[in-house]
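These values consider heavy atoms only, across backbone and side chains, with no hydrogens, waters or symmetry-generated copies.
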Amino acid sequence: MNATARQGDSGRVRAAGPRGADSYTGPQVHCGRWRGQLELRDRHAAVIGSGTAIAQVLPGITAQARRVTVFQRDPVWILPAPPIPGRKLLRRLPDDLLGLLPSDSARPLPGDPASQPLPGAAQPPHGIAATLLRLAATANLFVSVRDSWVRRQLTPDTATGVRLHGGYYRALNQPNCELVTWPIARLAPLGIRTVDGVEHRVDCIIYAEDAL
């Protein structure tokens, strides 16, 4: 999805975003541009997006920001990235090569778009392949995330893609990183308000590429 950053009257970098985005007074940037446009040191950064997109940028953000709050939609199954030679090979393969891995944790709600595969979308692996992928992804989540509540929030409820990443869970485990899975109601002048009524005050917002 194309997300366009724009410059506000006060010089702040802006991006189209959730409801109330125009009311937020801090910087808002697209994840592909934050390195060149936003200094994160000593800042509390919010990262908004799906698990797939956030996994790509979170390690670099947690390494620089004072504090990070992750507003994640749609968690995905994560398998450990292979050593460097294997990683170079995998970059040449389609993103959906591993297909979709069903979740055992909850059945999709009636009418849930995730339960209706789109034409041309990756199809779920079957039989032994699906079982092995599920076991591997579940084991990776259990080993990587010791907190049972956070682990539950990272477990997909519907069929979802399988991604290879070595640093996502490690970044979420950092002491300066917090995961929020309540849906966003709107942006407020000083932060992000979730549907549970909590306003999370942040210094800047970074949108993962499919968040807008």
Inset, instruction - Kindly indicate whether the side chain of Leu179, heavy atoms from C-beta on, has any atom under 4.5 Å from the side chain of Gln72. - result: yes
Legend entry - Asp203 (side chain) donor-acceptor with His44 (main chain) under 3.5 angstrom: yes
Legend entry - Under 3.5 Å: donor-acceptor pair, side chain of Tyr168, backbone of Gly51: no
Inset, instruction - Find the distance between CZ (Arg73) and CD1 (Ile54) and round it off to the nearest 0.5 Å. - result: 8.0 Å
Inset, instruction - For atom CZ of Arg186, decide whether the heavy atoms of other residues, nucleotides or ligands shown that lie under 6.0 angstrom number more than 12. - result: yes
Legend entry - Under 3.5 Å donor-acceptor, Asp196 side chain and Trp182 backbone: no
Legend entry - Ser23 (side chain) donor-acceptor with Leu187 (main chain) under 3.5 angstrom: yes
Inset, instruction - Answer yes or no: is there a side-chain heavy-atom contact under 4.5 Å between Ile78 and Asn140? - result: yes
Inset, instruction - Find out whether Cys177 and Val70 are in side-chain contact, i.e. whether some heavy atom of one side chain is under 4.5 Å from a heavy atom of the other. - result: yes
Legend entry - Within one Ile-Leu-Val-Met-Phe-Trp-Tyr cluster: Val180 and Ile48, side-chain cutoff 4.5 Å: yes
Inset, instruction - Answer whether the closest heavy-atom distance between the side chains of Leu154 and Arg151 falls below 4.5 Å. - result: no
Legend entry - Pairs flagged by salt bridge (charged side-chain N to carboxylate O under 4.0 Å, His left out) wherever residues 171-183 is involved - sequence neighbours left out: Arg67-Glu178
Legend entry - From CA spacing to verdict: side chain to side chain donor-acceptor pair (under 3.5 Å), Thr62, Gln174: CA-CA 8 Å; Thr62 56; Gln174 294 302 310; over 6 Å; no
Inset, instruction - Applying side chain to side chain contact (heavy atoms under 4.5 Å, CB included) between Ile205 and each of Ile192, Val47, Thr69, report the one that passes. - result: Ile192
Legend entry - Minimum heavy-atom distance Ala188-Tyr24, with the two atoms named: O-CD1, 3.3 Å
Legend entry - Expected output: side-chain Asn173 to main-chain Ser144 donor-acceptor under 3.5 Å: yes
Inset, instruction - Indicate, with yes or no, if Leu190 and Ile206 share a hydrophobic cluster defined by side-chain heavy-atom contacts under 4.5 Å among Ile, Leu, Val, Met, Phe, Trp and Tyr. - result: no
Legend entry - Arg66, CZ atom: more than 12 neighbouring heavy atoms under 6.0 Å: yes
Inset, instruction - Could you grab the distance from atom CD of Gln153 to atom CG of Asp147, nearest 0.5 Å is fine? - result: 9.5 Å
Inset, instruction - Could you list the residues that satisfy ring pair (Phe, Tyr, Trp, His ring centres under 6.0 Å) with His200, not counting sequence neighbours? - result: Phe71
Legend entry - Donor-acceptor under 3.5 Å (Arg146 side chain, Phe142 main chain): yes
Inset, instruction - Could you tell me whether a side-chain N or O of Gln28 sits under 3.5 Å from a main-chain N or O of Ala21, the two making a donor and an acceptor? - result: yes
Legend entry - Over all atoms of both residues, closest heavy-atom pair of Ala65 and Asn176: O-ND2, 3.1 Å
Legend entry - Minimum heavy-atom distance Pro75-Pro156, with the two atoms named: O-CG, 3.6 Å
Legend entry - For the student: nearest non-hydrogen atoms of Tyr169 and Val76, plus distance: OH-O, 4.2 Å
Legend entry - Residue pair Cys204 / Leu40, side-chain heavy-atom distance below 4.5 Å: yes
Legend entry - Shortest non-hydrogen separation from Gly49 to Ala208 and the atoms involved: CA-CB, 3.9 Å
Inset, instruction - State yes or no: do Val195 and Val202 share one hydrophobic cluster built from I, L, V, M, F, W and Y residues joined by side-chain heavy-atom distances below 4.5 Å, directly or via other members? - result: yes
